[in-house]
Amino acid sequence: MFLIEKVLKRLWKNRLIYLILVVELAIGTMFLGYSFQYSFSYLQDKKELEKSMSDETITIEIIEKSEQEEKSASFEYADYERIKDKVRNLEVYLCTHGLVDVQGEMKEIPFVFTNLMKDAKSFSVGEEVSNDIAQKAQIYGDTENGWIEEKQMLYDGEEYRRVELPEALKAKVIARNVFEDNIYAEKSVFLPLKDLKAEQIVPSGQTIVRYEPKDMGHREKANQEVVEILSENHPEYSYGIQNYINNFEQVNERSLEYVKYMTALSLLGIWIMIFGYLGITKQLYVKRQKEYAICLSVGATVKNLICEMILENIVVLTAGVALGNIGIMYLLQYRKSEEMILDVTYQFETLLASVLLICLMGVIVNYSGYKKMRKLVPQEMIRNMYH
């Protein structure tokens, strides 16, 4: 307790100097940490996408042609039948959001018609939805749409029975930041595509068709053939062909370049701050020579003085890095308001990197301080400490 009190008094006595150091370190940590966040989130999101699809997967987003706004277009089971033999690994997702009243709490859940559900009049739910629904929950669309229970569901006037989630749907990333939303298998309710009525209107959401061309050498021709088949039957829709993984990389390419520059500048700033810190500590140790001599004369050991030095520096470094991490969270909240294809969130790896940064800077500063202290304190006193 006496040691802590003594260190706090020293910090308060030189508060202006230490405050400047803390602020400099916080700014450097904030921008460095944000760079780490973006990189970690980019790698994590890309890994998720690669689990769901290969880099050969073609995605067609079907959009209704409208001058006022873009609305997701519907897709019929007959369309699936027309193109399924032209490609391989065909996946169809017609996604719409429904409000579900779960024990008085309203939750928005994606309802997804897909060809990966084979059994007619059946439904499957993702793990997160399954954990929510035990008793009867009411489903709402524009009006009351039905209800859902653990084993059965009434949806748009049709009754469905619960079946296991198909293996092909587990841990799927269905849509990423299309219409400003992310849709994952564990958060969705799935229905067979063959149950979708031709006259049924799917509200604004996602209509996505994914496949791999049978011959990658002629994929342009295969893509054109698929689009022609769909355009012939639905001329009112437009068809945007893209590769999700390539698109993900291209959209984030410029941001990643910016992140690289931000990382370099942050590291340079922290490096300069450390040299400044070393210069300040050197001056403080010279200034405290008389204080150290008095402490040693009244029975203090070099070990006590070193512990004080380490604790004092660790408090300053921890305060700066902690303040920088708070700044990272604020920066992430601010960036969420911007239109981004990448969902940047605070990662555990950043916290670990912050701890390692404190340890690294602590070793640099304290080792330098220890060497100076050995020069300031008579060698015989140091030897006496060990005898």
Side-chain angles (χ1 to χ4, degrees), residues 45 48 52 61 63-64 66 68-75 92-114 116-117 121-166 169-193 195-197 199-208 329 332-346:
D45 282 20
E48 281 186 348
S52 291
E61 292 181 9
I63 305 296
E64 183 180 5
S66 171
Q68 297 180 352
E69 64 174 324
E70 291 185 342
K71 293 183 178 179
S72 182
S74 189
F75 186 88
V92 179
Y93 303 101
L94 280 79
C95 313
T96 178
H97 288 84
L99 288 174
V100 179
D101 184 356
V102 182
Q103 298 179 349
E105 182 182 357
M106 298 296 288
K107 297 192 174 183
E108 192 174 53
I109 298 176
F111 286 77
V112 183
F113 287 92
T114 175
L116 300 182
M117 283 285 296
K121 298 298 180 286
S122 62
F123 77 99
S124 295
V125 298
E127 186 177 339
E128 289 191 25
V129 180
S130 184
N131 292 338
D132 284 338
I133 298 172
Q135 302 174 359
K136 182 180 286 189
Q138 206 69 37
I139 305 172
Y140 298 92
D142 294 332
T143 58
E144 190 171 310
N145 232 8
W147 47 263
I148 182 171
E149 292 180 336
E150 189 176 358
K151 298 296 182 183
Q152 57 185 342
M153 179 174 76
L154 179 69
Y155 186 64
D156 277 338
E158 300 287 343
E159 290 189 7
Y160 294 85
R161 69 186 187 283
R162 170 81 174 269
V163 298
E164 287 297 317
L165 187 68
L169 275 170
K170 291 181 179 178
K172 275 279 183 183
V173 180
I174 298 168
R176 174 169 298 282
N177 283 30
V178 184
F179 291 93
E180 299 179 355
D181 199 2
N182 298 328
I183 297 181
Y184 298 88
E186 67 258 19
K187 300 178 181 178
S188 305
V189 173
F190 294 97
L191 301 141
L193 180 65
D195 285 354
L196 182 67
K197 302 172 186 175
E199 68 276 7
Q200 185 174 357
I201 298 174
V202 179
S204 181
Q206 285 80 18
T207 305
I208 297 168
M329 295 178 188
L332 291 177
Q333 290 298 320
Y334 172 75
R335 289 301 300 273
K336 275 186 178 179
S337 61
E338 301 181 14
E339 187 176 339
M340 298 173 66
I341 194 170
L342 182 63
D343 185 20
V344 184
T345 55
Y346 191 85

How many angstroms lie between [atom1] in [X] and [atom2] in [Y], if you round to the nearest 0.5 Å?
X: W147; Y: E159; atom1: CH2; atom2: CD; value: 6.0 Å
X: E164; Y: K170; atom1: CD; atom2: NZ; value: 7.0 Å
X: E158; Y: L191; atom1: CD; atom2: CG; value: 10.5 Å
X: F111; Y: I183; atom1: CZ; atom2: CD1; value: 12.0 Å
X: I174; Y: K187; atom1: CD1; atom2: NZ; value: 11.0 Å
X: H97; Y: K107; atom1: NE2; atom2: NZ; value: 14.5 Å

With sequence neighbours left out, what residues match F190 under ring-ring contact (aromatic ring centres under 6.0 Å, His included)?
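For F190, no residue satisfies ring-ring contact (aromatic ring centres under 6.0 Å, His included) once neighbours in sequence are set aside.
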Over 60° means perpendicular and under 30° means parallel, so classify the ring planes of Y155 and F113, tilted if in between.
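Plane angle between 30° and 60°, so tilted.
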Are [X] and [Y] packed together at the side-chain level, in the sense that at least one heavy-atom pair is separated by less than 4.5 angstrom?
X: E128; Y: Y184; value: no
X: I148; Y: Y160; value: no
X: L169; Y: M117; value: yes

Hey, is the main chain of [Y] close enough, under 3.5 Å, to the side chain of [X] for a donor-acceptor pair?
X: N145; Y: I139; answer: no
X: S124; Y: V163; answer: yes
X: Q138; Y: V100; answer: no

List the atom of [X], the atom of [Y], and the distance in Å for their closest heavy-atom pair.
X: V125; Y: V189; answer: CG1-CG2, 3.9 Å
X: P166; Y: L116; answer: CG-O, 3.6 Å
X: K151; Y: F123; answer: O-CE2, 4.1 Å

Can you name the side chain to side chain contact (heavy atoms under 4.5 Å, CB included) partners of E150, sequence neighbours left out?
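Partners of E150 under the side chain to side chain contact (heavy atoms under 4.5 Å, CB included) test: R162.
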